[in-house]
Asker: 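Just dropping this structure here.
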Amino acid sequence: MSGPSDKEQRLESAFRQLPPAQQDMVLEFAEYLLERYGEELPPQEPLWIARPDDESVVGAIKRLRSSYPMLDAQALLAETSELMSQHLTGGRDAEEVIDELENLFRIHFEKLQD
């Protein structure tokens, strides 16, 4: 993991040199800018959504995308499409495919953490 950027270091240095009252003003202004222009970041941990009984493969993909909002759906597209195809045209059991989808999303999440 990389250290603070040049901008972060400059900001911290300037912040430390200010009197406490002005530090409070900088913090209030930064919070205002964050509220107005900041982007909401996806959660860094999976949102564990329970697997319903008799879930379809499409439903599982939707559930897993909701459970792992931090993952890039495009990065998973080829693999999820392949598993979906194996189920629809190859006759693979839905439960087996869903198990593999859950494993696929977990692996991508673990890679993201590294």
Side-chain angles (χ1 to χ4, degrees):
M1 191 151 194
S2 63
S5 70
D6 181 55
K7 286 181 182 179
E8 290 170 321
Q9 290 174 347
R10 288 177 37 217
L11 180 61
E12 183 179 357
S13 175
F15 184 82
R16 290 177 187 264
Q17 294 177 44
L18 292 172
Q22 281 67 35
Q23 286 180 348
D24 290 343
M25 290 173 63
V26 168
L27 183 58
E28 286 175 18
F29 184 61
E31 289 171 343
Y32 162 78
L33 290 174
L34 179 62
E35 184 177 305
R36 183 147 187 210
Y37 301 105
E39 295 180 18
E40 187 173 326
L41 298 175
Q44 297 306 304
E45 291 296 320
L47 307 170
W48 298 114
I49 300 170
R51 180 175 173 173
D53 295 334
D54 299 324
E55 183 176 44
S56 70
V57 174
V58 172
I61 293 170
K62 289 179 181 180
R63 173 179 57 86
L64 290 166
R65 283 188 180 158
S66 295
S67 294
Y68 292 91
M70 72 291 295
L71 297 180
D72 180 7
Q74 287 297 101
L76 290 157
L77 183 61
E79 292 167 289
T80 55
S81 295
E82 174 65 24
L83 288 167
M84 172 70 93
S85 177
Q86 289 174 11
H87 170 63
L88 292 176
T89 60
R92 277 189 72 191
D93 180 62
E95 202 166 314
E96 181 181 307
V97 170
I98 293 169
D99 289 342
E100 277 195 51
L101 285 165
E102 288 181 338
N103 191 44
L104 173 68
F105 275 76
R106 183 185 51 77
I107 288 169
H108 276 260
F109 175 71
E110 289 171 356
K111 286 179 184 176
L112 180 68
Q113 287 186 306
D114 289 340

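In what follows, residues are counted from 1 in the order of the sequence shown. Predicted model only: the values in this text are computed from it and were never measured.
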Asker: Say whether Leu76 and Leu88 are linked into one hydrophobic cluster, either directly or through other cluster members, by side-chain heavy-atom distances under 4.5 angstrom.
Answerer: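 Hydrophobic grouping puts Leu76 with Leu88.
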Asker: Can you name the closest pair of heavy atoms from Ala73 and Arg65 and give their distance?
Answerer: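 Result for this residue pair: CB-NE, 4.1 Å.
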Asker: Please test Met84 against Thr80 for side-chain contact (heavy atoms from CB on, under 4.5 Å), starting from the C-alpha separation and ending with a verdict.
Answerer: CA-CA 6 Å; Met84 172 70 93; Thr80 55; over 6 Å; no
Asker: Decide if atom CD of Glu35 counts as having more than 12 heavy atoms of other residues, nucleotides or ligands within a radius under 6.0 Å.
Answerer: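 Result for CD/Glu35: open.
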Asker: Going by atom types only, do Gln9 and Ser13 share a side-chain donor-acceptor pair under 3.5 Å?
Answerer: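 No, because no side-chain N or O of Gln9 sits under 3.5 Å from a partner of the opposite role on Ser13.
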Asker: Taking Leu77 as the starting point, is it possible to reach Leu64 by hopping between hydrophobic residues whose side chains are less than 4.5 Å apart?
Answerer: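 Per the 4.5 Å side-chain linkage, Leu64 and Leu77 are not co-clustered.
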Asker: Determine whether Ile61 and Ile107 fall in the same hydrophobic cluster, where Ile, Leu, Val, Met, Phe, Trp and Tyr are linked whenever their side-chain heavy atoms lie under 4.5 Å apart.
Answerer: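 Ile61 does not cluster with Ile107.
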Asker: If you draw a 6.0 Å radius around CG in Asp54, do more than 12 non-hydrogen atoms from other residues or ligands fall strictly inside?
Answerer: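 Atom CG in Asp54 is not crowded, with 12 or fewer foreign heavy atoms closer than 6.0 Å.
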Asker: Could you report the tightest heavy-atom contact between Leu101 and Ala60, atom names first, then the distance?
Answerer: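 Shortest heavy-atom separation between Leu101 and Ala60 comes out as CD1-CB, 4.4 Å.
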Asker: Transitively linked via ILVMFWY side-chain contacts under 4.5 Å: Phe105 with Val58?
Answerer: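 In one cluster: yes.
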Asker: Nearest 0.5 Å, what's the CD-CG distance between Glu96 and Leu83?
Answerer: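 That separation rounds to 9.5 Å.
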Asker: Side-chain heavy atoms under 4.5 angstrom apart, residues restricted to Ile, Leu, Val, Met, Phe, Trp, Tyr: same cluster for Tyr37 and Leu11?
Answerer: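 No: no chain of side-chain contacts under 4.5 Å links Tyr37 to Leu11.
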Asker: Which value, rounded to the nearest 0.5 Å, describes the distance between Ile98 atom CD1 and Arg51 atom CZ?
Answerer: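 It is 5.0 Å, given to the nearest 0.5 Å.
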Asker: Check residues 22-33 and write down every donor-acceptor pair under 3.5 Å in which the side-chain atom is one partner and the other belongs to a residue at least two apart or another chain.
Answerer:
unit_1 : atom_1 : unit_2 : atom_2 : d
Gln23  : NE2    : Phe15  : O      : 2.8
Gln23  : NE2    : Leu18  : O      : 3.3
Tyr32  : OH     : Arg36  : NH1    : 2.8

Asker: When you check the gap from the basic side-chain N to the acidic O, do Glu102 and Arg106 get nearer than 4.0 Å?
Answerer: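 No, no charged N to carboxylate O under 4.0 Å.
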Asker: Determine whether Leu104 and His108 make a side-chain contact, defined as any pair of heavy atoms from C-beta on separated by less than 4.5 Å.
Answerer: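 In short, these two side chains touch, coming nearer than 4.5 Å.
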Asker: Tell me if the CG atom of Asp114 is crowded by more than 12 foreign heavy atoms within 6.0 Å.
Answerer: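 Buried by this count: over 12 neighbours within 6.0 Å.
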Asker: Distance-only, no hydrogens or angles: does the Glu8 side chain make a donor-acceptor pair with backbone N or O of Ser5 under 3.5 Å?
Answerer: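 Yes, the answer is positive, given that a donor and an acceptor are paired below the 3.5 Å cut-off.
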Asker: If the condition is salt bridge (charged side-chain N to carboxylate O under 4.0 Å, His left out), which residues does Asp93 pass it with, not counting sequence neighbours?
Answerer: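 Asp93 satisfies salt bridge (charged side-chain N to carboxylate O under 4.0 Å, His left out) with no residue once adjacent residues are dropped.
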